[in-house]
Amino acid sequence: MGAEVVAPRPPSSAGKRRSTTLRFLFELEKPDGLLPGTAKLPPPSPEPEADSLIDKIASCHRVFFAFAGTGESEEERDAKRERLVEVLGAVRSAGGSKPQRPLDHRVMVALLKMVAANLFRAMPPSAYPPLPPDGVDDDAAPAAALAPAWPHLQVVYDILLSVVTSADAKTLRNHVDRAFLSGLLALFCSEDPRERDRLKTAYHQLYAKLTCERASMRRAMAAALLRFAYEAPAGERPCGAAELLEIYGSIINGFAVPLKEEHRAFLARVLMPLHRTRWAHTYHRQLAYCVLQFVRKEPGLAGGVVTGILRHWPVTNCQKEVLLIEELEEILEVLEPKQFEKLAVPVCARIARCVSSCSSQVAERALYVWNNERFLELATSSPGVTEKILPAFVASVEGNLECHWSKCVQQVTASVKALLEQVAPDLYARCAKDLAARRDEVDAAAAVRDARWRKLEAAATAAAAAK
């Protein structure tokens, strides 16, 4: 027999089955006692659904705009930027809610994929002109090479910053891997300073939250800085060095004392060689700050630091000489008298040579070291130290007053001479007398040599006439 087919029973409004969902049960327990259907529920909050947000994020993955103005639709570019702005608003609303509502796992994955697709790219050829082999021509170089795609990149960086700021450390550890961090680090070679500034903030915040990756991130930054010092071509500008050193300056402030051996090695093997490059002026302010933080934490490192600076002293780069004089002055300000006594002779000998430099900027900056109250105190605190360092300064001061071409340098030199005669009058007079005696000896030896040459020339002339 075939199975009997039972027709479906028509729905009855009188016998309608009541809902047994959790939402229905919760509504039954409301203190107001309202039954379902007797009052309207409040409308849902206008937050974007995860699926629609993921679709919107996925539509921003493709990077097909060259921003060259040819063959591109401005409407499409504007539409993508509008979608990026909408995604940014959704991320900010999630992070700014109270209590803070974490982003969905799928949304985090889609966001980081979209960020990587837009940011991780091959950099265009350098916009800076090639440099002459003999030096740096700053006047011929443009002020900055701006990325034409910045209207999109700016919003993408804002999305990344919002994600990093709003997410907790555990969430970031689950979604940000070392490949993503390496991709961010590679972007520091961008020639657009706006991009490097946003990147610096994002990378620093990731370092603060990803405690398990801090050692790896420090090694990666050190490797990038070593490339600037040793492997970069001579004409390549070290884009990103200043930003990486600025991040490292904040990291060094958090180092515990006594310093670990790896931190001392970073100072000796990475920071000090950065003084040798021709581009040191582009990141010297951040470099000097990092070095000074090390010396303040462990003053015993000052000897190696000063020796490294003197080893990398330039020969013809006047701008770099001025910067190194300023760095030496900052280091000397934090030294104790006993430490200064060990370093006084090499440091003051170099500054004294700079006093007699043909460059007026170098000479003036070296003379102004004596206006530093701390340096003056260290130089005159011990008669033994003053006696060691003053002869070199006296020679440079007297030489400037006699034959330096710059009137301004001569005026500053006269002020320094008056100061030295005031703090050590007897010693200055004795050094001046010894200097005059040495000059007389040199002049006498030169006169003897000239007389001998004249005799040889006369003998040669006589022998030629006899033939």
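These values consider heavy atoms only, across backbone and side chains, with no hydrogens, waters or symmetry-generated copies. All figures in this text were calculated on a predicted structure; none of them were measured in a lab.
Under the ring pair (Phe, Tyr, Trp, His ring centres under 6.0 Å) criterion, Phe340 pairs with no residue at all, not counting sequence neighbours. Trp313 pairs by the ring pair (Phe, Tyr, Trp, His ring centres under 6.0 Å) definition with nothing, not counting sequence neighbours. His204 pairs by the ring pair (Phe, Tyr, Trp, His ring centres under 6.0 Å) definition with nothing, not counting sequence neighbours. For Ala116, the side chain to side chain contact (heavy atoms under 4.5 Å, CB included) partners two or more places apart in sequence, or in a different chain, are Phe120, Phe180. For Asp197, the salt bridge (charged side-chain N to carboxylate O under 4.0 Å, His left out) criterion is met by Lys200, not counting sequence neighbours. Here Phe255 pairs with His263 under the ring pair (Phe, Tyr, Trp, His ring centres under 6.0 Å) rule; sequence neighbours left out. Under the rule for a salt bridge (charged side-chain N to carboxylate O under 4.0 Å, His left out), the partners of Lys417 that lie at least two apart in sequence or sit in another chain are Glu398. Listed by chain and number, the residues in a side chain to side chain donor-acceptor pair (under 3.5 Å) with His175 are His105 (sequence neighbours excluded).
A side chain to side chain contact (heavy atoms under 4.5 Å, CB included) with Arg198 holds for exactly one of Leu187, Leu161, Asp192; it is Leu161. For the side chain to side chain contact (heavy atoms under 4.5 Å, CB included) criterion with Leu328, the lone passing option out of Leu310, Leu323, Val369 is Leu310.
The stretch residues 176-188 participates, sequence neighbours left out, in these side-chain hydrogen bond (donor to acceptor under 3.5 Å, both in side chains) pairs: Arg178-Glu213. Within the structure, salt bridge (Lys or Arg N to Asp or Glu O under 4.0 Å) pairs that include any residue of residues 310-333 comprise Glu326-Arg365, Glu329-Arg365 (at least two apart or interchain). Identified under the salt bridge (Lys or Arg N to Asp or Glu O under 4.0 Å) test for residues 286-310, with sequence neighbours left out: Arg264-Glu298.
You'll find the side chain of Leu259 stays beyond 4.5 Å of the side chain of Leu267, heavy atoms only. Under the 4.5 Å side-chain criterion, counting only non-hydrogen atoms from C-beta, Glu231 is not in contact with Leu226. Residues Leu245 and Tyr289 have side chains not in contact (no heavy-atom distance under 4.5 Å, counting atoms from C-beta outward). Inter-residue side-chain proximity for Leu225 and Phe266 is flagged as met; some heavy-atom pair is nearer than 4.5 Å. Looking only at side-chain heavy atoms (C-beta outward), Leu271 and Val305 stay at 4.5 Å or farther from each other. Between Arg173 and Leu210 there is a side-chain heavy-atom pair separated by less than 4.5 Å. Between Ile251 and Arg218, some side-chain heavy-atom pair lies under the 4.5 Å cut-off. Leu206 is listed as a side-chain neighbour of Leu184, based on a closest heavy-atom distance under 4.5 Å.
Remark: side-chain polar atoms of Ser59 are paired, donor with acceptor, to backbone N or O of Lys56 under 3.5 angstrom. A distance-only check finds no donor-acceptor pair linking the side chain of Lys113 to the backbone of Ile57 [under 3.5 Å]. Distance alone, capped at 3.5 Å, places no donor-acceptor pair between the His275 side chain and the Leu324 backbone. A donor-acceptor contact shorter than 3.5 Å is absent between the side chain of Asn372 and the backbone of Tyr368. Remark: the backbone N or O of Leu244 is not paired with any side-chain donor or acceptor of Arg196 at under 3.5 angstrom. Of the possible polar contacts, none joining the Ser250 side chain to the Ile247 backbone as a donor-acceptor pair under 3.5 Å is found. Looking only at distances, a side-chain donor or acceptor of Ser93 sits under 3.5 Å from a matching main-chain atom of Ala90. When atom types are taken as modelled, the side chain of Thr386 and the backbone of Ala379 share a donor-acceptor pair closer than 3.5 angstrom. The backbone N or O of Leu274 lies less than 3.5 Å from no partner atom in the side chain of Arg276, so there is not a single donor-acceptor pair.
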Take Leu153 and Glu195 through the test side chain to side chain contact (heavy atoms under 4.5 Å, CB included) and record every step on the way to the result.
-> CA-CA 8 Å; Leu153 296 178; Glu195 181 173 7; 4.3 Å; yes

When you look at Asp168 and Lys170, which way does the salt bridge (Lys or Arg N to Asp or Glu O under 4.0 Å) test go after all the steps?
-> CA-CA 6 Å; Asp168 57 4; Lys170 183 178 179 180; over 6 Å; no

Val163/Met108 under side chain to side chain contact (heavy atoms under 4.5 Å, CB included): CA gap, chis, key distance, verdict = CA-CA 8 Å; Val163 170; Met108 283 288 295; 3.7 Å; yes

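Atoms CG and CD1, from Asp104 and Ile54 in turn, are 6.0 Å apart once rounded to the nearest 0.5 Å. In this structure, CD on Gln339 lies 10.0 Å from CG on Leu301, to the nearest 0.5 angstrom. Taking NE2 of His404 as the start and CD of Gln410 as the end, the distance is 8.0 Å to the nearest 0.5 Å. Taken from SG in Cys290 to CD1 in Ile252, the straight-line distance is 4.0 Å, to the nearest 0.5 Å. The line from CG of Leu146 to CZ of Arg194 is 4.5 Å long, rounded to the nearest 0.5 Å. Note that the CD atom of Glu336 and the CG atom of Leu378 stand 8.5 Å from one another [nearest 0.5 Å].
The environment of Arg285 atom CZ is sparse: at most 12 non-hydrogen atoms of other residues, nucleotides or ligands sit within 6.0 angstrom.
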For residues 341-364, dump all side-chain donor-acceptor pairs below 3.5 Å to protein atoms at least two apart in sequence or in another chain.
{"residue": "Ser356", "atom": "OG", "partner": "Arg353", "partner atom": "O", "Å": "3.1"}
{"residue": "Ser357", "atom": "OG", "partner": "Ser359", "partner atom": "N", "Å": "3.1"}

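The two residues Ala208 and Thr211 make their nearest non-hydrogen contact at O-CG2, 4.1 Å. Nearest heavy atom pair, residue Thr413 against residue Val397, reads CG2-O, 3.4 Å.
Aromatic ring centres of Tyr283 and Phe228: separated by at least 6.0 Å.
By the 6.0 Å and 45° rule, Arg214 stacks over the aromatic ring of Tyr207.
With respect to Arg374 and Glu377, a salt bridge is recorded, a charged nitrogen being found less than 4.0 Å from a carboxylate O.
For the residue pair Tyr157/Asn118, the side-chain donor-acceptor check at 3.5 Å is not satisfied.
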